[in-house]
Structure formats: C-alpha cells, structure tokens
Amino acid sequence: MKRVLLKLSGEALAGEKKTGIDQATVCNVAKQVKKLVDGGIQVGIVIGGGNFWRGRTGDAIDRTKSDQIGMFATIMNCIYVSEAFRSQGMMTNVLTPFPCGSFTKLFSKDRANKYFAHNMVVFFAGGTGHPYFSTDTAAVLRAVEIEADAMLLAKAVDGVYDSDPKLNPDAVRYDTLSIDEVIEKKLAVVDLTASIMCMEHKLPMYVFSLNEPDSIVKAISGNFNGTVITV
C-alpha cells in the first residue's frame, strides 16, 4: 500500500472514559501512524464525532442542526489529534469541506495531494459538509477521491461479527468477507451508503480494534487481527 485512509472511531479515541479524548490513546495512535509515514506510506485520516456528540439518538433538535453539531465535533477531534501527531514529529494539515476561519483549510483533491507530496498526514474533518451523511460515508468519499489503496477502520471492537458481540456472547467474528456479503447480510460495518460506495469503487476495508497493540501497523504489515472486507 502506498496511500491509505484511516477512519478512527470517536468512541475509540475516548478510551475507557467513553466520552471526550483519552490522551494516551491518541499518543499511541500517533506513534503507530508515524511508523507508517516513516515507511513511506501516505496517510489520510477521518475521525468520527461520537465521543462528543451523538445527536441522532435524540428528538429534541432538528436533524440538520444535530448533524451540523456532529460535523464540528469531528473538527475538534481532528485539530486535537493533529496536534498530537505534530508532537511526535509529523507534519499535518486539517481540511474541511466548508470554511472554518484560520482553524482549517478548505478541502480540494489538489490541495490534499500537495500535502501528501510533502510527506504530511492529512486530516479530513467536517464530514461531507452536508447533513444526513455519516462520517463512514465521508471516509469512503475521501478515500475514493484521494485514490487510497484501502480504508483502515479502527473501532472499539476487533472486527466484524455476525451479531452484536456486546449483546450476544456467542457472536462469531468473520476473518474475511466480501462487500457484497456485508450489504446482503446488512452487517453494520459502515452504513449502507458507504458500503455501496466501497462496492462501486472497489475499495477494500480492514476492520480492527484500536485497543489492540500496534493494530494500525499490523493492518498494513499483514500480521492482521480483524476482518478483511474484499471487493
């Protein structure tokens, strides 16, 4: 792989706290990504906002406004994690699909490619910039746009199961799945829109737990513990 899109779960970044950001978890991610960058791999990153805002579970606020708050949650995550990466010696930039003053720069594929050429880690914050689209869809969209070789999904669980492992202790984890099976069985890897985009654009996914030591590096090296979704 020469270029990957890493999708980080906001909840996974919160660690045991389940909300906010766990500094030790973020530093661990930074150290792993630095190994990839030092090895010549270009890394784009999308981060969810669930550690700050999960507005879809409530009905006291308009869905569009709720999703807009979620977009800003992803920007907060990206700015924080970007700075943690810089503390590990990496160069970074945060791009958003809408202007955010001097906090971020406006996304374009040309701008992202320019940053990759300068060995920077590029954060894609703010989702798609539109309501009704998840950060899963945003991650696949950016991965397709930047022509990533694969999408790495770092979650709070260690792969894709046939049922929810939190509710079913006998849930079975898949080692390999095709994207067609994911769609047919309605497995909640990413949302349906994102799954269909992966199928149409032949984007493979590697799903694994962020809590496992060196899980991001292992996903690249082939010593992988999780679920590979083929196309």
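Note that the coordinates shown come from a computational prediction; the quantities given were computed from them, not determined experimentally.
- At a threshold of 4.5 Å between side-chain heavy atoms, the hydrophobic network of Ile, Leu, Val, Met, Phe, Trp and Tyr places Leu141 and Phe124 in one connected group.
- The cationic group of Arg142 lies under 6.0 Å from the six-membered ring centre of Phe107 and within 45° of the ring axis, placing it in a cation-pi geometry.
- Between the Glu181 side chain and the Ser178 main chain, a donor and an acceptor come within less than 3.5 Å of each other.
- Salt bridge absent: Asp162 and Lys185 never bring a charged side-chain N and a carboxylate O closer than 4.0 Å.
- The minimum heavy-atom distance between Ala125 and Pro97, with the atom names listed, is O-CD, 3.1 Å.
- Here the side chains of Val160 and Ile229 are in contact, with some heavy-atom distance below 4.5 Å.
- Contact check for Arg111 versus Leu106: side-chain heavy atoms found under the 4.5 Å cut-off.
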Item to check | Worked verdict on Thr135 versus Thr74 for side-chain contact (heavy atoms from CB on, under 4.5 Å) | outcome: CA-CA 9 Å; Thr135 50; Thr74 71; 3.7 Å; yes
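- By the 4.5 Å heavy-atom criterion applied to side chains, Asn77 and Phe52 are counted as neighbours.
- By the rule that hydrophobic residues join a cluster once side-chain heavy atoms approach within less than 4.5 Å of another member, Ile45 and Met90 end up as members of one cluster.
- Inter-residue side-chain proximity for Thr92 and Val122 is flagged as unmet; no heavy-atom pair is nearer than 4.5 Å.
- Thr19 places a side-chain N or O within 3.5 Å of a backbone atom of Asn51 that can act as its donor or acceptor partner.
- Distance CZ/Phe123 to OG1/Thr104: 13.0 Å, rounded to 0.5 Å.
- A side-chain donor from one of Asn168 and Ser163 sits under 3.5 Å from a side-chain acceptor of the other.
- The CD atom of Glu83 lies 12.0 Å from the SG atom of Cys78; values are rounded to the nearest 0.5 Å.
- Annotation: Lys218, atom NZ; neighbour count of heavy atoms from other residues, nucleotides and ligands within 6.0 Å is above 12.
- Taken to the nearest 0.5 Å, the CG atom of Leu210 stands 6.5 Å off from the CG atom of Leu13.
- Counting only distance, with no hydrogens or angles, the side chain of Thr137 and the backbone of Phe133 share no donor-acceptor pair below 3.5 Å.
- Side-chain contact, Asn225 with Ser215: no donor N or O sits under 3.5 Å from an acceptor N or O.
- By the 4.5 Å heavy-atom criterion applied to side chains, Met91 and Arg86 are not counted as neighbours.
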Next on the checklist: Would Phe103 and Ile75 count as a side-chain contact (heavy atoms from CB on, under 4.5 Å) here? Give the steps.
Outcome noted: CA-CA 9 Å; Phe103 296 117; Ile75 294 169; 5.7 Å; no
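- The line from CG of Asn93 to OH of Tyr115 is 4.0 Å long, rounded to the nearest 0.5 Å.
- Side-chain N or O atoms of Lys155 include none that pairs as donor or acceptor with a backbone N or O of Phe208 at under 3.5 Å.
- No continuous path of hydrophobic side-chain contacts links Ile41 to Met205 [ILVMFWY only; heavy atoms under 4.5 Å].
- In this structure, CD on Glu200 lies 12.0 Å from CG on Leu203, to the nearest 0.5 angstrom.
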Checklist entry - Going through the distances and angles, do Arg63 and Asp67 end up as a salt bridge (Lys or Arg N to Asp or Glu O under 4.0 Å)? => result CA-CA 6 Å; Arg63 170 64 185 272; Asp67 284 0; 2.9 Å; yes
Could you pull out every donor-acceptor pair under 3.5 Å between side chains of residues 1-9 and any protein atom, sequence neighbours left out?
| residue | atom | partner | partner atom | Å |
| --- | --- | --- | --- | --- |
| Arg3 | NE | Gln42 | OE1 | 2.8 |
| Arg3 | NH1 | Asn113 | OD1 | 2.8 |
| Arg3 | NH1 | Ile146 | O | 2.7 |
| Arg3 | NH2 | Gln42 | OE1 | 2.9 |
| Arg3 | NH2 | Asn113 | OD1 | 3.3 |
| Lys7 | NZ | Asp136 | OD1 | 2.9 |
| Ser9 | OG | Glu11 | N | 3.2 |
| Ser9 | OG | Glu11 | OE1 | 3.2 |
| Ser9 | OG | Ala12 | N | 3.1 |

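- In plain terms, the two heavy atoms of Asp22 and Ala14 that are nearest each other are CB-O, 3.5 Å.
- Of the possible polar contacts, none joining the Asp214 side chain to the Val217 backbone as a donor-acceptor pair under 3.5 Å is found.
- Taking both residues in full, the closest heavy atoms of Val26 and Ala84 are given as CG1-CB, 3.4 Å, listed atom of the first, atom of the second, then distance.
- Atom CD of Gln23 has 12 or fewer heavy atoms from other residues, nucleotides or ligands within 6.0 Å.
- Cluster annotation: Tyr206 is connected to Leu36 through the hydrophobic network of ILVMFWY side chains, with a link wherever side-chain heavy atoms come within less than 4.5 Å.
- Across every non-hydrogen atom of Pro204 and Val231, the tightest pair is N-CG1, 3.9 Å.
- Residues Glu147 and Lys109 come closest through the heavy atom pair OE2-NZ, 2.9 Å.
- Using a distance-only test at 3.5 Å, with no hydrogens or angles considered, a donor-acceptor pair links the side chain of Thr227 to the main chain of Tyr174.
- Leu152 and Val29 end up in the same hydrophobic cluster when Ile, Leu, Val, Met, Phe, Trp and Tyr side chains are linked at under 4.5 Å.
- To the nearest 0.5 Å, atoms OG (Ser87) and NZ (Lys34) are separated by 11.0 Å.
- Aromatic ring orientation, Phe72 versus Phe98: tilted (interplanar angle from 30° to 60°).
- Minimum interatomic distance between Val43 and Phe116 (heavy atoms only, all atoms of both residues): O-CE2, 3.4 Å.
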Checklist entry - What's the verdict on side-chain contact (heavy atoms from CB on, under 4.5 Å) for Asp175 and Arg173, showing C-alpha distance, side-chain angles and the deciding distance? => result CA-CA 7 Å; Asp175 292 328; Arg173 191 185 72 187; 3.8 Å; yes
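- Looking only at side-chain heavy atoms (C-beta outward), Val228 and Leu177 stay at 4.5 Å or farther from each other.
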Checklist entry - What do the steps show when you test Ile179 against Met199 for side-chain contact (heavy atoms from CB on, under 4.5 Å), and what is the final call? => result CA-CA 6 Å; Ile179 190 63; Met199 179 180 67; 3.9 Å; yes
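- A donor-acceptor pair under 3.5 Å is absent between the side-chain atoms of Trp53 and the main chain of Gln68, judged by distance alone.
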